[in-house]
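Take a look at the structure below.
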Amino acid sequence: QVQLVESGGGLVQAGGSLRLSCAASGRTFTTYTMGWFRQAPGKEREFVAANSWRDSDTFYADSMKGRFTISRDNAKNTVYLQMNNLKPEDTAVYLCAAALLVGIITPETVSQTANYHYWGQGTQVTVSS
């Protein structure tokens with residue numbers, strides 16, 4: 001069992017930055033692929049970024065490449081999402097998720113919500129224009 005708690009959301013002006021954190025419980029954190037998703041009102045949950053447990057490969061949705069950076073600190077059981085140059089369309093609830101993935105980890109694998117076993121409650125990010 002893994003519990004995930006996100007923090008770091010808030011209100012920021014367009015062009016600003018935020019750093020989200022996701023603290024995970026459990027002693028097997030290093031075996032989980034960690035992902036960030038977001039969900040805006042009336043929209044489906046959208047993949048943002050993921051960090052593979054096996055070799056720390058990182059994956060990003062195309063619209064986030066170059067602006068968002070995912071990282072993890074296994075000693076602290078924490079995964080981060082650094083978000084720069086934020087835009088009003090980035091406004092959403094950002095959720096952290098953990099997946100036990102085996103085999104080859106691909107962009108398609110990490111971007112599917114069905115592959116994640118545990119989810120946090122989310123943290124609100126609001127970007128004003």
Going from [atom1] on [X] to [atom2] on [Y], what distance comes out if it is rounded to the nearest 0.5 angstrom?
X	Y	atom1	atom2	value
Cys96	Phe37	SG	CZ	10.0 Å
Lys43	Gln39	NZ	CD	11.0 Å
Glu6	Leu95	CD	CG	5.5 Å
Tyr94	Met83	OH	CE	5.0 Å
Phe68	Ser17	CZ	OG	9.5 Å
Met64	Phe47	CE	CZ	8.5 Å

Ignoring hydrogens and geometry, is there a side-chain-to-backbone donor-acceptor pair from [X] to [Y] under 3.5 Å?
X	Y	value
Asn77	Ala23	no
Thr109	Ile105	no
Thr78	Lys76	yes
Thr91	Val127	yes
Thr123	Gly9	yes

Nearest heavy atoms of [X] and [Y], plus distance in Å:
X	Y	value
Tyr60	Ile70	OH-N, 2.9 Å
Phe59	Ser52	CE1-CB, 4.2 Å
Ala49	Leu81	CB-CD1, 4.2 Å
Phe29	Val79	CZ-N, 4.3 Å
Thr30	Arg72	CA-NH2, 4.1 Å
Gly35	Tyr116	N-CE2, 3.8 Å

Should we say atom CD of Glu89 is surrounded by more than 12 heavy atoms from elsewhere, each under 6.0 Å from it? yes
How about CD on Gln124, more than 12 heavy atoms from neighbouring residues, nucleotides or ligands closer than 6.0 Å, or not? yes
Would Asp62 and Lys65 pass as an ion pair if we require N to O under 4.0 Å? yes
Between Tyr118 and Tyr32, is a side chain to side chain contact (heavy atoms under 4.5 Å, CB included) present by the stated rule, with each step listed? CA-CA 10 Å; Tyr118 303 102; Tyr32 286 87; 3.6 Å; yes
In sequence, state the C-alpha distance, the side-chain angles, and the governing distance for Asn84 and Arg67, and then conclude on side chain to side chain donor-acceptor pair (under 3.5 Å). CA-CA 5 Å; Asn84 299 326; Arg67 297 192 301 127; over 6 Å; no
With a 4.5 Å cut-off on side-chain heavy-atom distances among I, L, V, M, F, W and Y, is there a chain of contacts connecting Leu100 to Met34? yes
Establish, yes or no, whether the cationic atom of Arg19 lies under 6.0 Å from the six-membered ring centre of Tyr80 and within 45° of the ring axis. yes
What verdict does the side chain to side chain contact (heavy atoms under 4.5 Å, CB included) test give for Val125 and Asp90, after you've listed the backbone C-alpha separation in whole Å, the side-chain angles of each residue and the deciding distance to 0.1 Å? CA-CA 8 Å; Val125 171; Asp90 294 318; 5.5 Å; no
Working note: Gln121 + Gln3, criterion side chain to side chain contact (heavy atoms under 4.5 Å, CB included); need CA distance, chi angles, decisive distance, verdict. CA-CA 10 Å; Gln121 293 298 310; Gln3 292 185 329; over 6 Å; no
Could you go step by step and tell me if Asn51 and Asp57 meet the side chain to side chain contact (heavy atoms under 4.5 Å, CB included) rule? CA-CA 6 Å; Asn51 180 288; Asp57 269 353; over 6 Å; no
